[in-house]
Amino acid sequence: MELTQELIYYYVNNAWYVWEQFVRQFLMSAYGVLFGAIVGIPIGIYIAHRHKLSPWVISLANVIQTIPALAMLAVLMLVMGLGPNTVVFALFLYSLLPIIKNTYTGIRNVDPAILEAGRGMGMTRMQILRMVELPLSLSVIMAGLRTALVITIGIATIGTFIGAGGLGDIILRGTNTSDGTAIILAGAIPTAIMAILADVFMGWLERKLTPGRRNKRSRIS
Amino acid sequence: MLKFENVSKVYKGNKRAVNNLNFEIEKGEFIVLIGPSGCGKTTTMKMINRLIEPTEGKILLNGRDISTMDPVDLRRQIGYVIQQIGLFPHMTIEQNISLVPRLLKWPEEKQRKRASELLDLVNMTPDYLDRYPDELSGGQQQRIGVLRALAADPPLILMDEPFSALDPITRDSLQAEIKNLQRKLNKTIVFVTHDMDEALKLADRIMILKDGRIVQFDTPEEILRNPAGEFVEEFIGKERLSQIRPHVQTVDQIINPAPVTVRPNILLSNAIRIMKKQRVDSLLVVDREGKLRGYIDLEIINQQHPWTGKVSDVLVENMYKVKTGTFVRDVIQTILKRGLKYVPVVDDENRLKGIITRTNLVDAIYDSIWSDRENGNIAQ
């Protein structure tokens, strides 16, 4: 009971601060994923069309994913210095694997018969990509973005160690205070909520973009 | 319209998928390519729209070497239907049908009009336009696949085993439809299949391929009558060859050349006398030049009781007759369907040459079954 009260007390007194950090953390993750998408989706498309390259590229992304977050931040800090930009870059690297992998899978899974029909009817490479491959793999690509966003929201909390701010600041403050459980929770709960909301929203978007009639039908019924 | 000149396709490892092909196709022909798997039939077809490039030789479309044309432009002028149908699942039926017109940037109204026009062609209502492919049955989907190939009205259409994934009943009706459409729209069609029945049913000319070479390229009748060598015979199948014999037989081969006839000017009472003497219940009426005028039968005479009139007063002129040279298979159908007892055979000048009776048909079918058995026995 006391804990809840302390938590409420904290939120009431620091509402603006918590909100600021919430937005900050979200923006860092969103930018990370955005840059990840800008780089990762074209790479995914490219290796889907030249799939001899795919094991190399995907292994590389895998390797990036296995680097511990703290180590990654420390190394990047040596090069890029302190601050949110370094964190965004790290998040960008972490979001690459799910985005590349899903784009690759989505495009590779387009029925080859459909592609042959398109080619045989005289569609150019770009038309096939724009009118067939992308629409048909959009939901899978969205699933990749969803995974990436949820991962990066979690990782962004440790950005506090290199002075990037975010909800991690609140959690860290809690760990540095004796009896700081309430403060730790005050930072951790919004992080979890953000991850869940992002997951739900992206999941909804993904279903919306699933090709075929299902989404159109559900609107009628 | 389409000409292959010394065309070969060599794959890695010096495998010749297509070996020095030379042939020509006329406008409006329905050509079926057939052969065992790996014979090069699909390769041959795909070289026409440059999905596969030949290693040697030239392919001319309306006198133009297609290797000098832009492949994208070329493909937009050639319809293409594939076995797996390949409709775009995220597009409506209308969007699917009018894909090529859209690529060619037709005005939208024209696209929509064309799409419903085409649906009408296969007796599908316009409300299908806004549906999605997964709401249609396999047969309907492939109909749409065919319409999509017809959308921009290309003179040439390529079909790669389009019906082989459909159930037999749907396949049958689609085969009839496509043959109909092809005649009606005067399209040239190059059709790949491994199903001999399908080939015999659809083709104007069948090209039988083996190891990348043409073994025989001829009309279905000619191939059945004179198969070029053992390979073709085996490929068609002994059973089918014997079954098919009545189908390539003409009426002349089983005709009864001396039917009972009367002149139009004799009296009915005399006609009855002839019937009794010859033990028949109907007479063909033939004039002095031997031309068929009609017939009379017992029923008609019976209604005219005092038999004082002449045959010419009561004869029925409107009757079913066939020309010499007609295939027996076509006659069988009509005889069975209309329940006719016999059919007169006439030449181009309407002179009576004889009749085909049901007994003649039995003989023809009997021969085709048993003569082959007997030959088989001798061979053993």
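Chain naming here is simple, since letters A, B, ... match the order of the sequence lines and numbering starts at 1 in each. Values below: all heavy atoms of this structure, side chains included; hydrogens, waters and symmetry mates excluded.
- Comparing B:Gln84, B:Arg76, B:Lys46 by how many heavy-atom pairs each has under 4.5 Å with chain A, the most go to B:Arg76.
- Residue-environment remark: OH (A:Tyr31) stays at or below the threshold of 12 foreign heavy atoms within 6.0 Å.
- For the atom pair B:His90 NE2 and A:Ser137 OG, the distance stands at 9.5 Å (nearest 0.5 Å).
- Neither the backbone nor the side chain of B:Leu74 comes within contact range of chain A; no heavy atoms are under 4.5 Å apart.
- Note that CZ of A:Arg119 and OH of B:Tyr80 are 8.5 Å apart. Values are rounded to the nearest 0.5 Å.
- A donor-acceptor pair under 3.5 Å is absent between the side-chain atoms of B:Arg75 and the main chain of A:Met121, judged by distance alone.
- A:Ala117 and B:Gly86 make their closest contact through CB-O, 3.6 Å (heavy atoms, listed as atom of the first residue, atom of the second, distance).
- Heavy atoms of other residues, nucleotides or ligands lying less than 6.0 angstrom from NZ of B:Lys9 number more than 12.
- The local environment of NZ in B:Lys27 is crowded, with over 12 non-hydrogen atoms from other residues, nucleotides or ligands closer than 6.0 Å.
- Other residues, nucleotides and ligands place more than 12 heavy atoms under 6.0 Å from the CG atom of A:Leu78.
- Between B:Pro89 and A:Leu136, the closest heavy-atom pair is CG-CD2, 3.6 Å.
- Summarising the geometry, atom CD belonging to A:Gln127 is positioned 10.0 Å from atom CZ belonging to B:Arg102; distances are rounded to the nearest 0.5 Å.
- The candidate with the highest count of non-hydrogen atom pairs below 4.5 Å against chain B, out of A:Ala113, A:Pro112, A:Gly120, A:Gly118, is A:Gly120.
- Within a 6.0 Å radius of CD in B:Glu117, more than 12 heavy atoms belonging to other residues, nucleotides or ligands are found.
- Heavy-atom proximity under 4.5 angstrom to chain A picks out B:Asn49, B:Leu51 from residues 47-54 of chain B.
- In this structure the side chain of A:Met123 reaches within 4.5 angstrom of the side chain of B:Leu99, judged on heavy atoms.
- For B:Phe4, the CZ atom sits in a packed shell: over 12 heavy atoms of surrounding residues, nucleotides or ligands are nearer than 6.0 Å.
- To the nearest 0.5 Å, atom CD of residue A:Glu116 and atom CD1 of residue B:Ile82 are 5.0 Å apart.
- Remark: A:Ile114 CD1 to B:Leu87 CG distance equals 8.0 Å, nearest 0.5 Å.
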